[in-house]
Amino acid sequence: MTENNADYDRLLELRDELQEHNYRYHVLDAPIITDGEFDRMLAELRAIESQYPEWITSDSPSQRAGGGISDKFEKVTHPAPILSLANAFNGEDIRAWVERISKIDAGVLDAEFVIEPKLDGLTVVLHYENGLFVRGATRGNGEVGEDITINLRTIPSLPLRIPVNQSGPAAPARLVVRGEVFINLSDFEELNRRQMEAGEKVYQTPRNTAAGAVRNLDSTVTATRPLRLFVYTIIDSSAPLPTTQIEQLELLKNYGFPVNPETAHSHNINDVIQICENWEPKRDSLGYEIDGLVIKINDLDLSARLGTVGKDPRGAMAYKFPAQEVSTKLLDIGVNVGRTGVLTPFAILDTVEIGGVNVRQATLHNFDFIKDKDIRIGDRVLVIRAGDVIPYVVGPIVEARTGSEKVYSPPEVCPTCGQAVSHIEGEVAWYCTNSSCPAQVVRNIEHFVSRGALDIEGLGIKIVEQLVDAGYVSNISDLYKLTEEQLLALEGFAEKKAENIVSSIDASKEQSLDRLIFGLGIKGVGEVVGASLANHFGSLDRLMEATQDSLESIDGIGPNIAAEIVDWLSLEANQTVLAELKSEGMWPVLEKADDETRPDNLAGMTFVVTGTLPNFTRSEIKKYIQNLGGKVTGSVSKNTTYVLAGENPGSKVTKAEELGIRVLSPEDFAAMVDHE
DNA sequence: GATCCTCGAGTTCG
DNA sequence: CTCGAGGATC
């Protein structure tokens with residue numbers, strides 16, 4: 001038995017030493033022995049363990065190699081909900097947040113804030129009982145995650161037992177922490193190099209690779225992935241919790257958890273904003289991907305008192321870096337049918353987060369765009385959020401092709417009505433020419449009721465579709481024949497809603513002639529041309545008598561648009577619609593503007609507006625400038641007099657600076673209007 | 001005929 | 001915001 005005891009003592013010694021060296025190597029990044037020595041010690045431990053399998057414990061360093069294949073992961077209910085965070089995209093958002101919460105609790109006014117990098121990885125929840133790592137789970141839906149304990153055990157920096165060394169504080173009976181699993185960029189490249197050499201598939205992003213590894217059913221595969229961990233929150237503990245986030249991080253570090261050293265803190269909100277805004281250049285030198293920063297109130301009691309809004313705690317905020325290029329997989333290409341019958345292809349993407357929103361779709365503009373860029377289904381494509389709002393596919397990443405991508409061919413029939421599509425020589429667009437194509441009918445009515453046209457409140461896409469499906473409406477004049485009884489028969493309609501819709505349709509009879517002309521949906525006739533037609537003809541009766549020549553004489557209308565208008569008016573179906581509008585009393589005539597009293601402070605000036613203005617919406621400011629005799633256009637050119645720039649202005653400001661055009665702030669503009 | 005400008009049309013997510 | 005295309009201008 002003495003030999004037996006000696007073996008056991010050696011085993012305990014090896015376990016402790018290996019744990020310490022592992023910690024020094026993977027957490028402190030300061031090894032004191034060589035890899036060879038480590039491997040020899042590990043081999044010795046394994047030898048003893050194979051002789052006495054009953055001595056193997058779950059926290060033995062030998063257990064990091066993985067082993068055992070699961071067929072599924074068990075569900076784990078988290079001890080407390082794993083919360084998400086509200087997003088801020090700029091300094092103003094941060095300021096607004098602090099202002100908001102300081103009204104709830106004045107303690108915020110002199111609170112300290114802690115800033116931590118927000119890793120682009122996977123959230124995990126780790127459970128320790130009497131210092132032993134017993135369970136690890138994915139975030140899941142925030143309430144219930146999946147048990148991935150055997151995979152997490154393979155992560156070298158994850159402590160299997162805390163405290164990792166004797167100098168650490170004693171472990172509480174129960175401790176649950178939250179952390180993030182991720183892969184370093186250099187490790188990721190190295191992994192891909194190995195994969196390529198072995199003729200295996202190459203991974204796309206560190207994040208997706210980490211996600212896949214952590215949920216791999218074979219933990220020996222997980223063990224070969226260079227996963228790392230940072231821990232940042234105690235979710236539950238049987239011991240009293242620290243009172244500040246800084247102390248919490250310190251405690252986690254002392255237990256032996258890997259804790260991100262890149263933190264900052266400040267009492268001054270201006271400094272916090274400065275730190276956030278200055279962080280981006282530093283981003284590339286971190287060695288791992290982050291998608292922003294997390295700002296937390298240091299005082300954890302104060303933070304808890306502030307409570308939550310939905311699933312977002314009020315005491316913390318995610319500061320997201322500005323939109324950037326992201327790559328994702330193009331799963332398929334879909335086709336929309338527009339109001340005019342134009343077929344527009346759009347990308348169906350593997351959902352990807354860009355600038356804080358999940359993007360699933362992006363326009364591909366037209367079929368030539370797909371062909372010119374050689375975009376194939378299955379390609380990895382580069383996606384950016386243009387103007388910070390609309391996702392835009394830049395092009396394929398040709399180097400990432402595997403050979404299984406499929407060249408896309410445009411549809412030969414309309415995806416909605418099945419009729420053959422047509423194409424006009426020299427034009428890019430392909431059309432569905434079936435004027436009773438359901439997609440076109442719906443889109444046309446949508447356009448008619450939209451804000452810029454007749455602005456019929458309560459009628460959205462959904463309800464328009466419902467009305468068309470029910471057979472109540474097949475063109476714009478049918479709207480005026482709708483009755484409350486008809487609407488009540490539809491799903492989701494009660495008296496109030498039916499009443500509101502009928503009355504707002506009725507109210508639209510008071511709308512102006514230019515809006516009605518625009519609403520008709522004649523190709524080439526938008527807001528501007530609609531307004532010039534209204535001004536020129538004064539009524540629909542006179543517009544109906546318009547000829548090619550009389551139309552071409554109007555400024556802004558050439559032979560093409562004139563022909564479109566003449567064609568539209570000559571169609572019998574359209575004549576019927578107009579006749580019905582007239583008999584329903586939807587027949588506005590031009591109200592002569594009172595030129596005498598109209599101010600013209602801004603006469604002769606052309607404005608371009610960009611960004612968000614404090615006191616106006618886009619259409620309000622447009623109207624305001626026009627009422628003062630000014631012109632508003634969409635793009636900056638040398639004809640532009642001023643560019644009016646609000647909050648978060650777009651590229652128009654740069655363009656204006658290039659052309660030497662004066663850029664006005666909202667204050668400049670207000671002063672100018674006041675003065676003149 | 002070339003070039004610049006403006007307009008129209010379609011567009012994402014929550 | 002983007003792109004295409006029509007219109008105006010030289």
Side-chain angles (χ1 to χ4, degrees), chain A residues 84 86-87 89 310-312 323 326 334-349 351-370 372-373 383-395 423-431 439-440 443-444 446-447 450 452-453 461 517-533 551-565 606-611 618 622 631-641 648-655 659 661:
Chain A
S84 49
N87 290 326
F89 297 99
K311 291 208 163 168
D312 303 334
V326 166
V335 177
N336 275 330
V337 183
R339 158 170 80 82
T340 55
V342 176
L343 303 184
T344 313
F346 62 93
I348 300 166
L349 302 165
T351 307
V352 67
E353 193 185 302
I354 316 179
V357 299
N358 292 323
V359 175
R360 284 181 271 274
Q361 277 190 20
T363 179
L364 290 170
H365 306 296
N366 56 63
F367 298 109
D368 279 7
F369 181 86
I370 299 172
D372 292 346
K373 302 264 178 178
V383 185
I384 58 170
R385 284 221 302 165
D388 272 6
V389 187
I390 294 165
Y392 169 66
V393 175
V394 178
H423 182 248
I424 299 163
E425 193 58 42
E427 259 191 44
V428 168
W430 285 77
Y431 291 89
Q440 282 186 61
R443 289 295 173 88
N444 232 319
E446 253 173 60
H447 169 70
S450 71
I461 301 177
I517 294 174
F518 171 52
L520 294 175
I522 303 168
K523 200 177 147 198
V525 180
E527 237 170 344
V528 175
V529 175
S532 13
L533 288 172
L551 287 163
E552 277 188 50
S553 72
I554 301 170
D555 202 32
I557 296 176
N560 291 317
I561 294 179
E564 289 292 348
I565 297 169
T606 304
F607 288 81
V608 173
V609 188
T610 181
R618 261 319 157 76
K622 200 168 165 182
K631 233 174 97 177
V632 179
T633 63
S635 53
V636 181
S637 70
K638 65 175 173 11
N639 297 343
T640 309
T641 324
N648 297 327
S651 58
K652 286 165 185 168
V653 170
T654 331
K655 182 89 184 276
L659 294 171
I661 290 159

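Side-chain atoms are counted along with the backbone in the values below, which use heavy atoms only and exclude waters and symmetry mates. Below, read A as the first sequence line, B as the second, and so on, with proteins coming before strands; counting in each chain starts at 1.
For A/Lys523, counting side-chain heavy atoms from C-beta on, the closest listed nucleotide (B/dA9, B/dT11, C/dC3) is B/dA9. Of the candidates C/dT2, C/dG4, B/dG8, C/dG4 carries the atom nearest the A/Asn366 side chain, counting heavy atoms from C-beta on. Nearest to the side-chain atoms of A/Asp555 among the listed nucleotides C/dG7, C/dA8, B/dG8 stands C/dA8. Residue A/Arg443 places its side chain closer to B/dT11 than to any other of B/dA9, B/dT11, B/dG8. Listed candidates were C/dG7, B/dT12, B/dG8. Nearest to the side chain of A/Gln361 is B/dT12. Listed candidates were B/dT12, B/dG8, C/dC3. Nearest to the side chain of A/Val529 is B/dG8. The side chain of A/Ile561 lies closest to C/dG7, out of C/dG7, B/dT11, C/dT2. When distances are taken from the side chain of A/Val528 to each of C/dG6, B/dG8, B/dT11, the shortest belongs to B/dG8. Closest contact between the side chain of A/Thr344 and the listed nucleotides C/dG7, C/dT2, B/dG10 involves B/dG10.
Taking atom CD on A/Gln440 and atom C1' on B/dA9, their separation rounds to 13 Å, with Å as the unit. Here C/dA5 presents its P atom at 13 Å from CH2 of A/Trp430, a figure rounded to the nearest Å. Rounded to a whole Å, the CD1 atom of A/Ile565 is 9 Å from the P atom of C/dG7. The CZ atom of A/Phe346 sits 17 Å away from the C1' atom of B/dA9 (whole-angstrom rounding). At whole-Å resolution of the value, CD in A/Glu446 and C1' in B/dA9 are 13 Å apart. Distance, A/Lys373 NZ to C/dC3 C1': 11 Å, rounded to whole Å. The CD1 atom of A/Ile348 sits 13 Å away from the P atom of B/dT11 (whole-angstrom rounding). Summarising the geometry, the separation between CZ on A/Phe367 and P on B/dG10 is reported as 13 Å, rounded to the nearest angstrom.
Within a 6.0 Å radius of CG in A/Asp555, other residues, nucleotides and ligands contribute 12 heavy atoms or fewer.
The backbone N or O of A/Phe518 lies less than 3.5 Å from a partner atom in the side chain of A/His447, making a donor-acceptor pair. Although no hydrogens or angles enter the test, the distance criterion places no donor-acceptor pair under 3.5 Å between the side chain of A/Thr606 and the main chain of A/Thr640.
If you find the closest nucleotide of DNA chain B to A/Arg339 and to A/Arg360, the one lying nearer the 5' end belongs to A/Arg339. For the pair A/Ile557 and A/Asp368, both in contact range of DNA chain C, the more 5′-proximal nearest nucleotide belongs to A/Asp368.
When the side-chain nitrogen and oxygen atoms of A/Tyr392 are compared with OP1 and OP2 of B/dT12, none of them lie within a distance under 4.0 Å. At C/dG7, one or more side-chain N or O atoms of A/Asn560 fall inside 4.0 Å of OP1 or OP2 (strictly under the cut-off). A close approach under 4.0 Å does occur between a side-chain nitrogen or oxygen of A/Thr340 and OP1 or OP2 of B/dG10. Of the side-chain N and O atoms in A/Asn336, one or more sit less than 4.0 angstrom from OP1 or OP2 of B/dT11.
Of all the heavy atoms in A/Gly334 and A/Ile348, the pair that sits closest is N-CD1, 4.0 Å.
A/Thr344 contributes atom OG1, which lies 14.0 Å from atom CH2 of A/Trp430 (distance to the nearest 0.5 angstrom).
Two residues are said to be in side-chain contact when any heavy atoms from C-beta on lie closer than 4.5 Å; A/Phe367 and A/Val335 meet this criterion.
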